[in-house]
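For the numbers below, each heavy atom of this structure counts, side chains included, while hydrogens, waters and symmetry mates do not.
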Amino acid sequence: MIGEKRYVRISEGARRYSVSPNTFRMMAAGAHAIIHVRRIVLIDTKMIDEYLEAFREE
């Protein structure tokens with residue numbers, strides 16, 4: 001993750017993972033990666049990556 005942010009907003013994360021903002025929000029909820037800081041919603045991309053690895057087929 002050199003040079004990449006660990007915590008991103010919904011719109012930035014959706015672009016990063018090439019999905020819609022709604023899909024990214026659902027992924028984040030499933031990964032328990034949502035962090036609320038006052039009125040800002042941040043997503044922990046490390047937790048998203050770990051969540052996605054669980055769906056990898058061998």
### Task
Mind checking the CZ-CG spacing from Arg6 to Leu42? Nearest 0.5 Å is all I need.
11.5 Å
### Query
Considering all heavy atoms of both residues, which atom of Ala33 and which atom of Met47 are nearest to each other, and what is their separation?
CB-CB, 3.7 Å
## Note on the structure
dist Arg16:CZ -> Ile48:CD1 (nearest 0.5 Å) comes out at 10.0 Å
### Joint cluster assignment, Tyr17 & Ile10, ILVMFWY side-chain distance < 4.5 Å
yes
### Query
For the hydrophobic clusters of this structure (ILVMFWY residues joined by side-chain heavy atoms under 4.5 Å, transitively), does one cluster hold both Val19 and Leu52?
yes
### Message
Less than 4.0 angstrom from a charged side-chain N to a carboxylate O is my criterion; do Arg56 and Glu53 meet it?
### Response
yes
### Query
Hey, are the side chains of Arg9 and Ile43 touching, using non-hydrogen atoms and a 4.5 Å cut-off?
no
### Query
Which one of Ile40, Asp44, Val37 satisfies the side chain to side chain contact (heavy atoms under 4.5 Å, CB included) criterion with Tyr7?
Asp44
#### Entry: Inter-residue atom distance Met27.CE - Asn22.CG, 0.5 Å rounding
11.5 Å
### Verify same cluster id: Phe24, Ile34 (apolar side-chain graph, 4.5 Å)
yes
### Message
Hydrophobic clustering (ILVMFWY, side-chain heavy atoms < 4.5 Å, transitive) - are Ile35 and Val8 grouped together?
### Response
no
